[in-house]
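Right, I'll just put the structure down here and ask away after.
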Amino acid sequence: MYTKADIFRMIEEEDVEFIRLQFTDMFGMFKNVAVTSSQMEKALNNQCMFDGSSIDGFVRIEESDMYLYPDLDTFQIFPWRPQQGKVARLICDVYRPNGSPFEGDPRFLLKKVVSEVESLGYEFQVGPECEFFLFHIDDDGMPTTISHEKAGYFDMGPVDLGENARRDMVLTLEDMDFEIESSHHEAAPAQHEIDFKYGPALQVADNIMTFKLAVKTIAKRHGLHATFMPKPKYGVNGSGMHINMSLTKDGKNVFADPNDPEGLSQEAYWFIGGLMKHMKGITAITNPLVNSYKRLVPGYEAPVYIAWSGTNRSPLIRIPASRGENTRVELRSPDPTANPYLAIALCLAAGLDGIKNQVQPPASVNQNIYEMSTAHKKAADIHTLPTNLQDALRELEKDDFIMQVLGEKTAETYIHAKRAEWQQYTQQVAAWELEQYLYKF
């Protein structure tokens, strides 16, 4: 728990010259205003202002003035910047001029949902699994989808050509106080995963944003481009961001029950029920791009069916083998382009709704759903996720609870922007269309 005096002391002792006041827009993009150390008194007194109308999804030009309120506990020095005149950052909340939190700030929305769960005596723990690709850049420094690598799941050097870059990413993240649990090559060529320790929801959402910034920065130093795009290449696995979730109360894992056949408590079942109930409505947030739905197809390990299991990986929700205090619910559909504040907030809100209303999930599905017949899936009442962004937006609009959690203005702005993105996409003429139709007709 840093104080203002701590921040000033660290700035002086570490020779910090620039401080980036960071915040996240509605679509999960990091933004920042940089100030010098001479302006820190002003910054820490919440007096740094910016034009909110210039940020996608924030406010109109008539109400553009916004203020950044730094969260002192997020102070961090960037290890990749110069050692003299260092650069640090503070993650900020966005406030209106009248001193009220800006309701369209994704971080505020997560804090609001976390506050609700804490009022019930719970703490929400989250552990993400972030995947990404490392590709070459061209002669102009622009990213490509080219890689000479042919490595697969858990392969190592010299087959894994990204091993050195991934090692430097891990060391850099550890310099930034991340506890890295593991890193490895993923299933597709040039695909990687680095997992860091679970923690409280807000801290983890901050860490996801910092993680992506660090990975991209270190990749660039290796002459590579790191992309969290869900499906950058046809015919190989896409990149996901599985979200592992648990609730604790008085230091105990609420999801654990050693007397249950699955090792799950009643609260865990209700939490799963809430997630499944609202999953279609959440998907436009957890999978926010047109490209996201090219990952959510059968055959590439990404989930398509709204079901749960404790034994296999084909359903949407999996209960990993560890039980007792390690019991957790793994949601497998989100991808790393999701705004982590919004995605985690909605997952928590949906699970909490399940607990409050005692939403019992259907029976677990312990066989490969991809191999089940259509009749069998229908009999088991197994539904599918939306198949494209347009369908996902329609499902979001139909889910009154999720719309309420987002807030009317935030939901309206998000849906409007994403619908425009979908319309732009549908008007494009793709290379596939030319290859299929140009010579025929």
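Note that the numbering runs from 1 along the sequence shown for the chain.
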- Query: Is Arg394 salt-bridged to Glu397, cutoff N-O under 4.0 Å?
  - Reply: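 Result for this pair is no, no salt bridge flagged.
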Side-chain donor-acceptor contacts of residues 168-177 below 3.5 Å, not counting sequence neighbours, with atom names and distances?
from   : atom 1 : to     : atom 2 : distance (Å)
Asp168 : OD2    : His222 : NE2    : 2.7
Thr172 : OG1    : Asp168 : O      : 2.8
Asp177 : OD2    : Gln76  : NE2    : 3.4

- Task: Working to the nearest 0.5 Å, report the span between CG of Leu346 and CZ of Phe401.
- Result: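 Output value for this atom pair is 8.5 Å.
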- Message: Just checking Lys216: does its NZ atom have more than 12 heavy atoms from other residues, nucleotides or ligands closer to it than 6.0 angstrom?
- Response: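 Yes, enclosed.
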- Message: Atom CZ of residue position Phe178 - does it have more than 12 heavy atoms of other residues, nucleotides or ligands inside 6.0 Å?
- Response: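 Yes, CZ of Phe178 has more than 12 neighbouring heavy atoms, counting only those of other groups under 6.0 Å.
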- Identified side-chain hydrogen bond (donor to acceptor under 3.5 Å, both in side chains) counterpart of His185 within the set Gln191, Glu149, Glu193, Glu163: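 For His185, the side-chain hydrogen bond (donor to acceptor under 3.5 Å, both in side chains) check succeeds only for Glu149.
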- So do the side chains of Thr248 and Gln125 get within less than 4.5 Å of each other, counting heavy atoms only?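 When only atoms from C-beta onward are counted, Gln125 and Thr248 do touch, with a gap below 4.5 Å.
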- Message: What I want to check is whether the side chains of Tyr293 and Asp391 have a donor and an acceptor closer together than 3.5 Å.
- Response: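 Checked: Tyr293/Asp391 side chains show no N/O donor-acceptor pair below 3.5 Å.
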- Using distance alone, with no hydrogens and no angle criterion, decide if Glu421 and Gln390 have a side-chain donor and acceptor under 3.5 Å apart.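 Not at all, the side chains of Glu421 and Gln390 share no donor-acceptor pair under 3.5 Å.
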- Query: According to the interplanar angle, ranging from 0 to 90°, do the rings of Phe132 and Phe228 count as parallel (below 30°), tilted (30 to 60°) or perpendicular (above 60°)?
  - Reply: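 Aromatic pair Phe132/Phe228 classed tilted.
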- Query: Taking atom types as modelled, is there a side-chain donor on Asp399 or His278 under 3.5 Å from an acceptor on the other?
  - Reply: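 Short answer, yes.
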- Just grab all the side chain to side chain donor-acceptor pair (under 3.5 Å) pairs involving residues 323-332, residues at least two apart or on different chains.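 Those involving residues 323-332 are His242-Glu330, Asn244-Arg328, Arg318-Glu330.
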- Test: Lys31 cationic atom under 6.0 Å from Phe23 six-membered ring centre, within 45° of axis: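 Pair Lys31/Phe23 does not count as cation-pi.
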- Main-chain N/O of Pro200 paired to Gln203 side chain as donor or acceptor, under 3.5 Å: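 Flag not set: sc Gln203 to bb Pro200 has no pair under 3.5 Å.
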